Asks: 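Got a structure here, written out as structure tokens. Questions coming.
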Amino acid sequence: MKKILMVLTSVSEIADTGEKTGYNVAEAAHPWKVFKDSGHFVDFASIEGGQPPRDTVDPEDPIQVAFTQDETTRAGLYNTARVAVVDPGQYDAVYLVGGHGTMWDFPDHEGLQNLVASVYDKGGVVGAVCHGPAGLVNVELANGFRLVEGRRVAAFTNEEEVAVGKDKVIPFFLADRLEEQGATHVPAENFTENVVVDERLVTGQNPASAARVAKEMEKLLAEVIHQEKVDEHDEAAALRAEKDAEKAAKKASDEHHEH
């Protein structure tokens with residue numbers, strides 16, 4: 001079992017349009033189900049802490065409904081931790097949930113940048129979907145490189161922004177910004193599932209990609225778990241060999257004294 005932190009936006013309105021927004025419920029619910037079904041532990045944090053605003057829930061989607069009705073999840077979402085005070089050392093993976101609001105509060109948030117970099121630097125998995133990759137912008141790793149530099153990524157595309165009529169409102173095009181930071185943006189057809197895995201970074205293009213982002217993150221976490229078991233086994237074997245050698249030496253020494 002691994003601990004995964006889901007990070008949510010605290011922005012409730014799209015710029016000054018008066019249009020309500022928040023985290024995208026599908027992009028939180030589908031990965032939550034994937035992680036939970038595998039026995040992983042999911043925590044929630046948001047930029048400002050407290051109860052984060054959410055986009056509309058689709059009553060026709062049983063997974064979204066289950067997510068909003070689950071007691072533990074409701075308690076976790078009722079009062080999320082502020083990203084800035086979260087201890088990254090507690091988490092094996094961090095997953096950035098999208099929603100248009102992230103375009104305003106994710107990119108320049110130092111606490112979020114530190115969290116993402118810390119988890120990645122210590123061998124953890126980083127996932128983001130749709131507008132969630134806005135939280136990968138400006139993340140610098142311990143080696144001095146940007147996290148997205150030289151990597152293939154997926155994110156909400158310029159065409160999708162135009163299709164949803166947000167191209168004039170957003171502060172920047174996410175795909176363009178990621179490319180400016182040295183990433184290779186890999187787009188697919190509008191609103192189709194598209195997930196890109198590059199080492200321990202997993203990114204998805206839109207809500208349709210959310211569940212698969214979680215599944216790919218899981219595969220990486222399973223590799224980590226497998227490696228830990230191998231290491232434990234090797235350590236135990238080494239310890240056993242050491243004890244056996246000690247016993248053999250003691251036996252030889254006892255026999256020597258008897259003669």
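Position 1 is the first residue of the sequence; numbering continues from there. Quantities reported herein were computed from a predicted structural model and do not represent experimental measurements.
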Asks: I want to check something: taking the side chain as every heavy atom from C-beta on, are Val7 and Ser46 in contact at a cut-off of under 4.5 Å?
Replies: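 They are not in side-chain contact.
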
Asks: Answer yes or no: is there an ion pair linking Lys251 with Glu246, defined by an N-O contact shorter than 4.0 Å?
Replies: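 Glu246 and Lys251: not salt-bridged.
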
Asks: Do Gln205 and Val195 make a side-chain contact, defined as non-hydrogen atoms from C-beta onward lying under 4.5 Å apart?
Replies: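 When only atoms from C-beta onward are counted, Val195 and Gln205 do not touch, as no gap falls below 4.5 Å.
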
Asks: Does Glu19 use its side chain to pair, donor to acceptor, with the backbone of Ile14 at less than 3.5 Å?
Replies: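 No: the side chain of Glu19 does not pair with the backbone of Ile14.
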
Asks: Would you compute the distance between atom CH2 of Trp32 and atom CG of Asp37 and round it to the nearest 0.5 angstrom?
Replies: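 CG of Asp37 is found 8.0 Å from CH2 of Trp32.
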
Asks: Could you verify whether a donor N or O on one side chain and an acceptor N or O on the other, from Asp121 and Ser118, lie under 3.5 Å apart?
Replies: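 No, no side-chain donor-acceptor pair sits under 3.5 Å.
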
Asks: Under a 3.5 Å distance rule, please check whether Gln181 uses its side chain to pair with a backbone N or O of Asn138 as donor and acceptor.
Replies: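 Here the side-chain-to-backbone pair exists.
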
Asks: Taking a hydrophobic cluster as the set of Ile, Leu, Val, Met, Phe, Trp and Tyr residues connected by side-chain heavy atoms closer than 4.5 Å, whether directly or through intermediates, do Val148 and Tyr95 fall within one such cluster?
Replies: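 Not linked; separate clusters.
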
Asks: Taking all heavy atoms of Arg82 and all of Ile47, pick out the closest pair and write down the distance.
Replies: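 Nearest pair, atom of Arg82 first, then Ile47: CG-O, 3.9 Å.
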
Asks: Could you please spell out the steps behind the side-chain contact (heavy atoms from CB on, under 4.5 Å) verdict for Val94 and Val119?
Replies: CA-CA 7 Å; Val94 60; Val119 169; 4.2 Å; yes

Asks: Do other residues, nucleotides or ligands put more than 12 heavy atoms under 6.0 Å from the CD atom of Glu180?
Replies: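 Atom CD in Glu180 is crowded, with more than 12 foreign heavy atoms closer than 6.0 Å.
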
Asks: Same cluster or not: Tyr78 versus Val25, using hydrophobic residues (I, L, V, M, F, W, Y) connected whenever any side-chain heavy atoms lie under 4.5 Å apart?
Replies: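 Looking at the clustering, Val25 is in a separate group from Tyr78.
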
Asks: Does Arg200 have more than 12 heavy atoms from other residues, nucleotides or ligands lying within 6.0 Å of its CZ?
Replies: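 Counting neighbours around CZ of Arg200, more than 12 heavy atoms of other residues, nucleotides or ligands fall under 6.0 Å, so yes.
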
Asks: With a distance cut-off below 6.0 Å to the six-membered ring centre and an angular limit of 45° from the axis, does Arg177 pair with Phe172 as a cation-pi contact?
Replies: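 Judged by the rule (NZ or CZ under 6.0 Å from the ring centre, within 45° of its axis), Arg177 counts as positioned above Phe172.
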
Asks: Taking all non-hydrogen atoms of both residues into account, name the closest pair between Ala26 and Asn24 and its distance.
Replies: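 Looking at all heavy atoms of both residues, the closest pair is N-OD1, 3.0 Å.
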
Asks: Would you find a donor on one side and an acceptor on the other, under 3.5 Å apart, between the side chain of Thr68 and the backbone of Gln64?
Replies: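 Answer holds: yes.
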
Asks: When rounded to the nearest 0.5 angstrom, what distance separates OG1 in Thr157 from CG in Asn194?
Replies: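 If I round to the nearest 0.5 Å, the distance is 9.5 Å.
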
Asks: Measure the spacing between CZ of Phe35 and CE of Met6 and express it to the nearest 0.5 Å.
Replies: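 The distance works out to 5.5 Å.
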
Asks: Using 0.5 Å steps for rounding, measure from the NE2 atom of His109 to the OG atom of Ser10.
Replies: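 Result: 8.0 Å between the selected atoms.
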
Asks: Can Asp176 and His185 be counted as having a side-chain donor-acceptor contact under 3.5 angstrom?
Replies: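 Not at all, the side chains of Asp176 and His185 share no donor-acceptor pair under 3.5 Å.
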
Asks: Between Asp231 and Gln227, is any side-chain donor less than 3.5 angstrom from a side-chain acceptor?
Replies: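 The criterion, which ignores hydrogens and geometry beyond distance, is satisfied for Gln227 and Asp231.
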
Asks: For Glu140, enumerate each residue passing the side-chain hydrogen bond (donor to acceptor under 3.5 Å, both in side chains) test, keeping only those at least two apart in sequence or located in another chain.
Replies: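 Expected list: none.
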
Asks: Transitively linked via ILVMFWY side-chain contacts under 4.5 Å: Val196 with Val137?
Replies: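 No.
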
Asks: So that I can tick it off, tell me whether Glu232 and Lys229 are bridged by a salt bridge, with the cut-off set at under 4.0 angstrom between side-chain N and carboxylate O.
Replies: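 Salt bridge flag = no for Glu232 with Lys229.
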
Asks: For Gly50 versus Asn79, what's the shortest heavy-atom pair and its separation?
Replies: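 Of all heavy-atom pairs spanning Gly50 and Asn79, the closest is CA-OD1, 3.5 Å.
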
Asks: A side-chain contact here means heavy atoms from C-beta on lying under 4.5 Å apart; do Met103 and Leu174 qualify?
Replies: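 Yes, at least one pair of side-chain atoms sits under 4.5 Å.
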
Asks: Is Thr73 close to Leu77 at the side-chain level, that is, under 4.5 Å between some pair of heavy atoms?
Replies: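 Yes, close enough: below the 4.5 Å cut-off.
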
Asks: Check Asp254 with Lys250, please: is the shortest side-chain N to carboxylate O separation under 4.0 Å?
Replies: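 Salt bridge between Lys250 and Asp254, a charged N being under 4.0 Å from a carboxylate O: yes.
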
Asks: Are the side chains of Tyr23 and Thr102 in contact, using a 4.5 Å heavy-atom criterion?
Replies: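 SC-SC contact between Thr102 and Tyr23 ruled out.
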
Asks: Quick check for you: to the nearest 0.5 Å, what is the distance between Asp58 atom CG and Ile63 atom CD1?
Replies: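 Separation between the atoms: 11.0 Å.
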
Asks: Has Ser38 got a side-chain atom pairing as donor or acceptor with His40's backbone, closer than 3.5 angstrom?
Replies: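 Not confirmed, Ser38 side chain does not pair with His40 backbone.
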
Asks: Do Asp105 and Thr9 have side-chain N/O donor and acceptor atoms under 3.5 Å apart?
Replies: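 There is such a pair (donor and acceptor under 3.5 Å, judged by atom type) between the side chains of Asp105 and Thr9.
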
Asks: Do you know which of Ile170, Asn190, Val164 makes side chain to side chain contact (heavy atoms under 4.5 Å, CB included) with Phe156?
Replies: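 Among Ile170, Asn190, Val164, the one meeting side chain to side chain contact (heavy atoms under 4.5 Å, CB included) with Phe156 is Val164.
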
Asks: Just to verify, which of Leu220, Val126, Val129 counts as forming a side chain to side chain contact (heavy atoms under 4.5 Å, CB included) with Val202?
Replies: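 It is Leu220, the one option of Leu220, Val126, Val129 that forms the side chain to side chain contact (heavy atoms under 4.5 Å, CB included) with Val202.
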
Asks: I'd like to check Phe173 versus Asp167 (side-chain heavy atoms, cut-off strictly below 4.5 Å). Are they in contact?
Replies: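 Yes. Closest side-chain heavy atoms under 4.5 Å.
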
Asks: Looking only at heavy atoms, which two atoms of Ala45 and Val86 are closest? And how far apart?
Replies: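 So the two residues come closest at CB-CG2, 4.0 Å.
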
Asks: Please check if Val153 and Met217 belong to a single hydrophobic cluster, counting links between Ile, Leu, Val, Met, Phe, Trp and Tyr side chain heavy atoms closer than 4.5 Å.
Replies: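 No.
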
Asks: Is it the case that Glu161 and His131 place a side-chain donor and acceptor less than 3.5 Å from each other?
Replies: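 Checked: Glu161/His131 side chains pair up, N/O donor to acceptor below 3.5 Å.
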
Asks: Between Asp43 and Tyr91, is there a side-chain donor-acceptor contact under 3.5 Å, judged purely by atom types and distance?
Replies: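 There is such a pair (donor and acceptor under 3.5 Å, judged by atom type) between the side chains of Tyr91 and Asp43.
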
Asks: If we ignore hydrogens and angles and just use 3.5 Å, is the side chain of Asp198 paired with the main-chain N or O of Arg151 as donor and acceptor?
Replies: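 No, Asp198 side chain to Arg151 backbone: no donor-acceptor pair under 3.5 Å.
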
Asks: Between atom SG of Cys130 and atom CZ of Phe191, what is the distance when rounded to the nearest 0.5 Å?
Replies: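 One gets 8.5 Å once the value is rounded to the nearest 0.5 Å.
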
Asks: Just wondering, are more than 12 heavy atoms of other shown residues or ligands nearer than 6.0 Å to CG in Asp16?
Replies: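 Check fails, neighbour count at 12 or below.
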
Asks: Could you check if a side-chain atom of Asp55 sits within less than 4.5 angstrom of a side-chain atom of Thr21, using non-hydrogen atoms only?
Replies: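 In contact.
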
Asks: Do Glu228 and Lys2 sit within salt-bridge range, that is, some charged N less than 4.0 Å from a carboxylate O?
Replies: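 Judged by the 4.0 Å cut-off on N to carboxylate O distance, Glu228 and Lys2 do form a salt bridge.
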
Asks: Phe41 vs Ile4, test: side-chain contact (heavy atoms from CB on, under 4.5 Å). Steps then yes/no.
Replies: CA-CA 6 Å; Phe41 185 80; Ile4 299 157; over 6 Å; no

Asks: Hydrophobic clusters here meaning ILVMFWY residues chained together by side-chain heavy-atom distances under 4.5 Å, can you tell me if Leu96 and Trp104 are in one?
Replies: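 Linked, Leu96 and Trp104 end up in one cluster.
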
Asks: Can you confirm whether Leu136 sits close enough to Leu201 that some side-chain heavy atom of one is under 4.5 Å from a side-chain heavy atom of the other?
Replies: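 Yes; the side chains approach each other to less than 4.5 Å.
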
Asks: So for atom CD, which belongs to Glu48, do other residues, nucleotides or ligands contribute more than 12 heavy atoms lying within a distance under 6.0 Å?
Replies: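 Counting other residues, nucleotides and ligands, CD of Glu48 stays at 12 neighbours or fewer.
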
Asks: Would Val213 and Thr203 count as a side-chain contact (heavy atoms from CB on, under 4.5 Å) if you check the C-alpha gap in whole Å, the side-chain angles of each, and the deciding distance to 0.1 Å?
Replies: CA-CA 6 Å; Val213 167; Thr203 46; over 6 Å; no

Asks: Which pair of heavy atoms, one from His30 and one from Ala211, lies closest together, and at what distance?
Replies: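 Minimum heavy-atom separation between His30 and Ala211: CB-CB, 4.0 Å.
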
Asks: Evaluate the side-chain contact (heavy atoms from CB on, under 4.5 Å) criterion for residues Val139 and Tyr120: first the C-alpha distance (whole Å), next the side-chain angles of each, then the deciding distance (0.1 Å), finally the verdict.
Replies: CA-CA 10 Å; Val139 172; Tyr120 197 88; over 6 Å; no

Asks: Should the heavy atoms of other residues, nucleotides or ligands under 6.0 Å from NZ of Lys33 be counted, would the total exceed 12?
Replies: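 Check fails, neighbour count at 12 or below.
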
Asks: What are the two closest heavy atoms between Ala29 and Phe67, and how far apart are they?
Replies: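 For Ala29 versus Phe67, the nearest heavy atoms are CB-CB, 3.5 Å.
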
Asks: Show the numbers, then the answer: is there a salt bridge (charged side-chain N to carboxylate O under 4.0 Å, His left out) between Lys215 and Glu218?
Replies: CA-CA 5 Å; Lys215 285 174 189 155; Glu218 282 230 318; over 6 Å; no

Asks: So, Asn206 and Glu160: side-chain donor and acceptor under 3.5 Å apart, yes or no?
Replies: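 Yes - a donor-acceptor pair under 3.5 Å links their side chains.
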
